[in-house]
Each structure stands twice: as structure tokens, then as C-alpha cells.
2 protein chains.
Amino acid sequence: MLNRIRELRKTQKMSQELLANKCDVSRQTINAIENNKYDPSLVLAFKIAAILDITVDELFQFQLAESKSEEDSNEK
Amino acid sequence: MLNRIRELRKTQKMSQELLANKCDVSRQTINAIENNKYDPSLVLAFKIAAILDITVDELFQFQLAESKSEEDSNEK
DNA sequence: CCTATTTGTCAAACATATTTTACATTTTTA
DNA sequence: TAAAAATGTAAAATATGTTTGACAAATAGG
């Protein structure tokens, strides 16, 4: 599940910390989500979308059949 | 966070079990979400929306400032 | 270049979501 | 009205999301 949080946050010249404050989560949470460590809860997804002035459907790119394996790019 | 899952599921004459199967979760998970015991994960929200042929934004009614207290109607 | 701000990361604790098994209750249908 | 199907619920176990504190690395601005 990819997202456009970083892109939109930067457009609005907002730091991870400011965005985190606005949606009442820790800075690390925003960082982890931007870096696809995990997906936000549904409530947090709605909060972020509201703050970035976009819909949840537009903010996240869901693709059916997302494999559960460690696919990221965890290697140095 | 309210949702229109039951409504749309019934429109499409689908049982909780069938919907659960289609999105690869247990029947109890669908039941709990319909009865607002907890919110689905973001991925599950997208899956359900896709199956019910609606957007996530339309399927869920998020209202800013959802109190975290036990507000439901847990009493007999 | 120096310094402040921002971002990345880690581990431990805690919170929430999901599964499984099992059974009771309600609703549908033959 | 009896049987079948659907729904509600509960407890324990597991998985996933979030916080806190701390520190290192990168980036931005004077």
C-alpha cells in the first residue's frame, strides 16, 4: 500500500513533526508510514487525508494482491 | 467511525461469511466491524470497499474528534 | 562552515486488529 | 414448526500499529 503523504506534505511545506502534531501521533509514526514500514490505522488515514486536503482513496494506492512477504528494500 | 458495510452487503445479498471469504478474513471480523467493535485495517477497508463497489471515503463516515472513551452502547 | 532543523532508526512497552474455537440466539426457508 | 442458515458473542493467542526516549545522519539556512 503506497501513499503520497511525503509528496503532499512537502508541497504544503510541513515537517513530519508538524503533520504528526496535527493528527495527534508521534513523529516516528508519520516517518514509518511515509517509508512504508507499516500502514496507518483507518482513523489515522482519514486524519492525514483531511489535513492534506485530499481523499483517502486518492492518498493511498491500494493494489489488490499485496504479497505479505518481506518485499521492501530492506537491504543496505 | 461508522460504516455502511451491512447496508451495502445486504443490497448485494451477501452473507457476512461470503464477504469475509471474499476479503480473506474471518466471519467474526466482518461481524465485529459491522457492529462497530473496532475499525478494520486500512488494507481491509480498501478490500471491502472494492468488493462492495464503493470508495473508502464513501463507505466510512469519519468524523474528526472521535472521543476515545467507551461511548458505544455497551450496556444491556 | 557552523548550527539548527529535519529525518531515519532502534528497542521496549503498550494498544488495537484479527484468528480460532466454540456455543447461543435470531432469521430464513422448506 | 422444525431444520438450516445466518448472526452475535467471548476468551485466548497472534499480528500489526503506535508511543516514548534516545541517538545518528542528512538537509537547510545564516
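So that the names make sense, note that chain A is the first sequence line, chain B the second, and so on, each numbered from 1.
A donor-acceptor pair is defined here as one N or O able to donate and one able to accept, closer than 3.5 Å; no such pair exists between the side chain of B:Asn35 and the backbone of B:Lys37. Remark: side-chain polar atoms of A:Arg9 are paired, donor with acceptor, to backbone N or O of A:Met14 under 3.5 angstrom. Proximity of a side-chain donor or acceptor of B:Asp39 to a complementary backbone N or O of B:Ile33 within less than 3.5 Å is not detected.
Rounded to a whole Å, the CG atom of A:Leu18 is 15 Å from the C1' atom of C:dT7. Rounded to whole angstrom, the span from the CD atom of A:Glu34 across to the P atom of C:dT9 amounts to 12 Å. Rounded to whole Å, the distance from CG on B:Asn35 to P on D:dT7 is 11 Å. In this structure, B:Ile30 places its CD1 atom 14 Å from C1' of D:dA6, rounding to the nearest Å. If you measure from atom CG of A:Asn21 to atom P of C:dT7, you get 12 Å, rounded to the nearest angstrom. The separation between B:Lys10 atom NZ and C:dT28 atom C1' is 11 Å, rounded to whole Å. Atom NZ of B:Lys13 is separated from atom P of C:dT29 by 9 Å (rounded to the nearest Å). Taking atom CG of B:Leu19 as the reference point, atom P of D:dT7 lies 10 Å away to the nearest angstrom.
Of the candidates C:dA17, C:dT7, D:dG8, C:dA17 carries the atom nearest the B:Tyr38 side chain, counting heavy atoms from C-beta on. Nearest to the side chain of A:Arg9, among C:dT18, C:dA17, C:dT7, sits C:dT7. For B:Ile33, the listed nucleotide lying nearest its side chain is C:dT18; candidates were C:dT7, D:dT7, C:dT18.
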Checklist entry - Under the salt bridge (Lys or Arg N to Asp or Glu O under 4.0 Å) criterion, do B:Glu34 and B:Arg6 qualify, and how do the steps go? => result CA-CA 6 Å; B:Glu34 284 193 355; B:Arg6 172 164 295 155; 3.0 Å; yes
Checklist entry - After noting the C-alpha distance and the side-chain angles of B:Arg4 and B:Glu58, does the key distance pass the salt bridge (Lys or Arg N to Asp or Glu O under 4.0 Å) rule? => result CA-CA 8 Å; B:Arg4 300 174 50 203; B:Glu58 287 167 340; over 6 Å; no
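Residue B:Lys37 places at least one side-chain N or O closer than 4.0 Å to OP1 or OP2 of D:dT9. Here B:Asn31 does not reach the OP1 or OP2 of D:dT7: none of its side-chain N or O atoms lies under 4.0 Å away. Between A:Ser41 and D:dT18, a side-chain N or O to OP1/OP2 separation shorter than 4.0 Å is present.
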Could you go through nucleotides 20-27 of chain D and list every protein N or O atom that sits under 3.5 Å from one of its N or O atoms, giving the distance for each pair?
from: D:dG21; atom 1: O6; to: A:Gln28; atom 2: NE2; distance (Å): 2.7
from: D:dA22; atom 1: N6; to: A:Arg27; atom 2: NH2; distance (Å): 3.4
from: D:dA22; atom 1: N6; to: A:Gln28; atom 2: NE2; distance (Å): 3.2

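When each of A:Ile30, A:Ile48, A:Leu19 is paired with A:Val25, the side-chain contact (heavy atoms from CB on, under 4.5 Å) condition holds for A:Ile30 and for no other.
Rounding to the nearest 0.5 Å places CG of B:Asp24 at 9.5 Å from CG of B:Leu44.
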